[in-house]
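Structure first, then comments.
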Amino acid sequence: MSTLTLATRWNPIDWPLTEGLIPHAVLAAGWAALFALAIGRDRSWWRVRLPAALFTAAALSWLLDVVVDGWWHPFPEGTPRYVTEWIAVALLGLCLAGYRMSRLTWRRRGIALGLSGLVLLMASSEVNIGFGQFPSGRVMLAPWLTKTDGLVATKAGQVVGAPPGTSLEEVWKPPADLPEKGTVSVVPIPGTKSGFKARDAYVYLPPAYQATPRPLLPVVVMITGQPGIPGDWVLSAQINEALDAYAADHGGLAPIVVMPDQLGSTWNNTLCLDSKIANTQTYLAVDVPAWVHQNLQAATGRTAWAIGGASMGGTCALQLGVNAPDVYGTVLDMSGQEEPTLGSREQTVKAAFGGDEKKFDAVDPLQVMARKKFPDTNVALVVGETDEEFRPQMEKVYRAAQAAGMKAKFDLMPGGHGWVVFRPGIAEQLPWLAQQTGLTR
């Protein structure tokens, strides 16, 4: 057994949180705590306080559902059912503890709070299993553990490009002192033309970028979902680790990956369009590529540029692929929607275009693909096998892409909707992205 495997086994922050002993133990402890909170010795508990706790928890769950999905819309497609169910369980634990407090000693109040804490932990664990956001403690602590470097913005005097008809890997000769890992930087990418106020982007540069001569690497722009932050692809998906592993097998070569902000804030939804909400399409199609060409040495032309994303970010990638095909020749859409949305078409058109359906249809990807052909565009569609919300939409997009003449492929992944699909999904699609963008054959 390797030293790395032993270190992972015995390091607590690497123990799995979405499978195995820990989540099962948390689940058992949570249900036991809920049962302990629900039972009582006196009649007033059974006749008054327990029914009151149940009613209060049900009322709070209903009110939260109305506020979240009826007004706020943090998830355009609606909050997943299992999330609302586990929130209801958590509220029940809090209400049961709350209705006990007045008749308990301080010591027993502490016990009741501890039991309600176990119920909260159980609910949080089950939601995390569904999304796959934190498969281990290391991922949970990634914002504090991930090392970021200063951007390598120097211009190399010698560069290596792939001649027509060849791939970059065929002409690249890695030097002996090539670094083992790439770098991750956090940088501002201003909305010079769009006026969009974006949060700082993350940029991954592979080991080969640090070499002399420097290969002219392809560029992949990766978009997060909503709600989200640009760093999600590093902090939640560990895309840098997948890229380092790929580079280790290809002489240090991997795509440059730019992870810009398309939201402006965690819960905002710009629809990735140029609209009354924001000029996000111009930001991603003009400002981001301009920044890359100004600050980095990379391959040029649509065949060397790809855009990808997950959930709302996948929808965004598809939109850019059909509305800015001169910039992006390859699209990776993971669990995206059939059209950009704020919850309903009526809400979306009203907020983005003042109710003008024609303006929306002009940029809606399915409408665009019905009018135009894209024989030189590559698209990969990836979705979870059990994703009841997004799988039918992705199948519809796949048929539309085929009808539009795209070089399309459709891949199913184990799981539903979340990082449980996106994390392995991006790792599995790296060879395909490298092939489409000229890095390898």
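When each of R345, Q393, K396 is tested with E339 by the rule side-chain hydrogen bond (donor to acceptor under 3.5 Å, both in side chains), just one qualifies, namely R345. Results of the side-chain hydrogen bond (donor to acceptor under 3.5 Å, both in side chains) test with T330 over T377, T437, T303, N378 single out N378 as the only residue that passes.
Every ring-ring contact (aromatic ring centres under 6.0 Å, His included) that W305 has, sequence neighbours left out, goes to H293.
The line from CG of N240 to NZ of K147 is 12.5 Å long, rounded to the nearest 0.5 Å.
With respect to the salt-bridge test (charged N to carboxylate O, under 4.0 angstrom), the residues K350 and E346 do not qualify. Taking 4.0 Å as the cut-off between side-chain N and carboxylate O, K359 and D274 do not count as a salt-bridged pair. The pair E170-R441 meets the salt-bridge criterion, since a charged nitrogen lies less than 4.0 angstrom from a carboxylate oxygen. A salt bridge does not link K276 to D356: none of the charged side-chain nitrogens sits closer than 4.0 Å to a carboxylate oxygen.
Looking only at side-chain heavy atoms (C-beta outward), V397 and P365 stay at 4.5 Å or farther from each other. Proximity of L145 to I13: side-chain heavy atoms (C-beta onward) are separated by under 4.5 Å at one or more points. Within the 4.5 Å cutoff, the side chain of T315 has no heavy atoms near those of the C272 side chain. Residues V119 and V89 are in side-chain contact: their nearest non-hydrogen atoms beyond the backbone lie under 4.5 Å apart. Looking at D411 and E428, their side chains never come closer than 4.5 Å, going by heavy atoms from C-beta outward. Within the 4.5 Å cutoff, the side chain of D326 has no heavy atoms near those of the R302 side chain. The side-chain heavy atoms of V203 and M259, taken from C-beta on, include no pair separated by under 4.5 Å. Between Q297 and K155, the closest side-chain pair of non-hydrogen atoms falls below 4.5 Å.
A cation-pi contact links R214 to Y209, judged by a cut-off of 6.0 Å to the six-membered ring centre and 45° from its axis.
Between the side chains of Q435 and T440, no donor-acceptor pair is found at a separation under 3.5 Å. Residues S236 and Q133 have side chains that bring a donor and an acceptor to within less than 3.5 angstrom of each other. Looking only at atom types and distance, the side chain of D244 has a donor-acceptor partner in the side chain of Y204 under 3.5 Å away.
By the neighbour-count criterion of 12 heavy atoms within 6.0 Å, atom CD of E395 is densely surrounded, having more than that number from other residues, nucleotides or ligands.
Screening residues 172-194 for side-chain hydrogen bond (donor to acceptor under 3.5 Å, both in side chains), with sequence neighbours left out, gives S194-D287. Residue pairs meeting the side-chain hydrogen bond (donor to acceptor under 3.5 Å, both in side chains) criterion with at least one member in residues 134-144, sequence neighbours excluded, are D14-R138.
A ring-centre distance under 6.0 Å is found for H417 and F422.
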